[in-house]
There are 2 protein chains.
Amino acid sequence: MDDNCTVFRTVDLVSKKWTMVILLELYRDGGGPKRYSTIKNEILGITPKVLSTRLKELVKHDLITKEIDVSSFPIKTEYELTEMGIDFIKVIKEIKEWALRWKVDNRVCAQLDCSECNL
Amino acid sequence: MDDNCTVFRTVDLVSKKWTMVILLELYRDGGGPKRYSTIKNEILGITPKVLSTRLKELVKHDLITKEIDVSSFPIKTEYELTEMGIDFIKVIKEIKEWALRWKVDNRVCAQLDCSECNL
DNA sequence: CCGGATCCTCTGCGATACTG
DNA sequence: CAGTATCGCAGAGGATCCGG
């Protein structure tokens, strides 16, 4: 198995730090377009540089789209999952199912069944 | 969403670099126990330090087991997926399915349907 | 020999400040 | 508001070394 393998390269892309969390955030609450600042404020602990970097990667690989509204002030940028990005959410759902089967070690998630994530 | 969320923390664990590739390698060829050197030689590009670190993490979180055979010479260590680890393979399979749906961009994988990964 | 540990380098991430 | 600039540190890459 080397970097000529599709799965290998895909894993390398999506398993970068914060990537799945960002995708999950864009999926929550119905999956509509979300602004940079909204994402940053919802994801606790992420820094602007990393968020910016990840968003660019995701746009480049067509998992999300970026729309800039220049007419408004202040400038409004919105990110949204593509069909391909939405389809990837099922992977994260699978991770959630697995985690709940094997690793439920805190009361909050056990009670809520991770409903906060809207998964 | 913060680090009190089970999904959040699980993603942080499994999305570390090389983790999924290692799990996949332990699943290939029937999923029997495999030696440190075998894993290192099969996964092109991984360094001994990172492999060692990831294996420890995976043992700690019960996704794999480590068995040391002191009686033999040279000493033989073998790693093997636990039931929990095997169950996680379905996540990686889901990633493969997704990759093949959206990202088949090289002939090798398109032809082989990633059969080299035994997925 | 095998299964790592060690040392060093270098990219990547975290934290804060700042700008078009 | 949506990022970039800068700095410091942790983690990954590369080579070598070492105990059993």
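We use all heavy atoms of the structure for the numbers below, so side chains are in, but hydrogens, waters and symmetry mates are not. Note on naming: letters A, B, ... go to the chains in the order of the sequence lines (proteins, then strands), and numbering restarts at 1 for each one.
In this structure, A/Trp18 and B/Phe8 have perpendicular ring planes: the angle between them is above 60°, well past the 30° mark. Note: A/Tyr36 and A/Tyr79 have tilted aromatic rings, judged against thresholds of 30 and 60 degrees for the angle between ring planes.
A heavy-atom distance below 4.5 Å is found between the side chains of A/Asp87 and B/Arg101. A/Lys40 has its side chain within reach of A/Pro48: a pair of non-hydrogen atoms, C-beta onward, lies under 4.5 Å apart. Counting only heavy atoms from C-beta outward, the side chains of B/Tyr27 and B/Lys93 approach each other to under 4.5 Å.
In the set D/dC1, C/dA15, C/dT6, C/dT6 carries the atom at the smallest distance from any side-chain atom of B/Lys49. When distances are taken from the side chain of A/Pro48 to each of D/dG13, C/dC2, C/dT16, the shortest belongs to C/dT16.
Non-hydrogen atoms lying under 4.0 Å from DNA chain D are contributed by B/Lys17, B/Trp18, all within residues 11-20 of chain B. DNA chain D lies under 4.0 Å from at least one heavy atom of each of the following residues of residues 54-79 of chain B: B/Arg54, B/Ile75.
The interatomic distance linking A/Asn41 (CG) with D/dG3 (P) rounds to 14 Å, in whole Å. For the pair A/Lys34 NZ and D/dC1 P, the computed distance is 17 Å after rounding to whole Å. Between the CG atom of A/Leu51 and the P atom of D/dG3 there is a distance of 8 Å, given to the nearest Å. D/dG13 atom P lies 8 Å from atom CD1 of B/Ile46, rounded to whole Å. If you take CZ of A/Arg35 and P of D/dC1, they are 7 Å apart, rounded to a whole angstrom. Rounding to whole angstrom units, CG of residue B/Leu44 and P of D/dG13 are separated by 13 Å. One atom, NZ of A/Lys40, and another, P of C/dG14, lie 14 Å apart when rounded to the nearest Å.
A salt bridge is absent between A/Glu57 and A/Lys60: the closest approach of a Lys/Arg side-chain nitrogen to an acidic carboxylate oxygen does not fall below 4.0 angstrom.
Shown here for B/Lys16 and B/Asp12, the closest heavy-atom pair between the two residues is CG-O, 3.4 Å. Taking all atoms of both residues into account, the shortest heavy-atom contact from B/Thr10 to A/Ile95 is CG2-CG2, 3.8 Å. Nearest heavy-atom pair, B/Ser15 versus B/Val11, reported as atom, atom and distance to 0.1 Å: OG-O, 2.6 Å.
Residue A/Thr47 places no side-chain N or O under 4.0 Å from the OP1 or OP2 atom of C/dT16. Distances shown here put every side-chain N or O of B/Ser37 at or beyond 4.0 Å from the OP1 or OP2 atom of C/dC2.
Rounded to 10°, the angle separating the first-five-pair axis and the last-five-pair axis of the helix from C/dC1-D/dG20 to C/dG20-D/dC1 equals 30°.
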Verdict with supporting geometry, A/Glu80 and A/Lys34, salt bridge (Lys or Arg N to Asp or Glu O under 4.0 Å): CA-CA 6 Å; A/Glu80 188 170 13; A/Lys34 286 194 179 176; over 6 Å; no

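For the atom pair OG1 (A/Thr19) and CD1 (A/Ile92), the distance works out to 9.5 Å, reported to the nearest 0.5 Å.
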